[in-house]
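Here the structure comes first, spelled out in structure tokens, and everything after it is commentary.
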Amino acid sequence: MKLAAIKPISRVLARELAVTALLLLGVSVVVFAILYLAPGDPLNVLLEGQSPRSELALGMREALGIPRTWYGQYAAWFGKMLQGNFGNSIRTGLPVLPELARSSRASASTRSPSRSARSRSRS
């Protein structure tokens, strides 16, 4: 293979990777904005009816990073996402990433038989 043939391919690959990175950044901003602007307070869900003014609530707010500015919260959230730390589920308390992997496998296994059935019906 000639070097001249590799250069255009590397440019296209670099451009596609840059576009993908920008797309993922844009999606992360949209997801964060949806979560940030959602009505309600996630702390109320965690406290389950307890007074949100208690010392426990203030400590939890600090631990969750709620008092920070929105861009501080986004930077912390994005940094954790890049490290593969998607946080813990409010509902189960378990890490989110293994739960997503488990759900994806279950989803994939339910789709597989329908694909093979369609391919048999076409034959």
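- Tracing side-chain contacts under 4.5 Å through hydrophobic residues (I, L, V, M, F, W, Y), one never reaches L24 starting from L100; they form parts of separate clusters.
- I34 and M81 end up in different hydrophobic clusters when Ile, Leu, Val, Met, Phe, Trp and Tyr side chains are linked at under 4.5 Å.
- Each of W70 and V30 belongs to its own hydrophobic cluster when Ile, Leu, Val, Met, Phe, Trp and Tyr are linked at side-chain heavy-atom distances under 4.5 angstrom.
- Taking the six-membered ring where tryptophan is involved, the planes of F32 and Y74 are perpendicular, since the angle between them exceeds 60° and thus also 30°.
- Tracing side-chain contacts under 4.5 Å through hydrophobic residues (I, L, V, M, F, W, Y), one never reaches V12 starting from L23; they form parts of separate clusters.
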Evaluate the side chain to side chain contact (heavy atoms under 4.5 Å, CB included) criterion for residues V31 and W77: first the C-alpha distance (whole Å), next the side-chain angles of each, then the deciding distance (0.1 Å), finally the verdict. CA-CA 11 Å; V31 168; W77 179 73; 4.0 Å; yes

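- Side-chain contact between F78 and L25 is present, with heavy atoms from C-beta onward closer than 4.5 Å.
- Closest heavy-atom contact between V96 and N88: CG2-C, 3.8 Å.
- For the pair F86/K80, no side-chain contact is recorded, criterion being any heavy-atom separation below 4.5 Å from C-beta on.
- Residues L17 and V19 do not share a hydrophobic cluster, defined by chaining ILVMFWY side chains whose heavy atoms lie under 4.5 Å apart.
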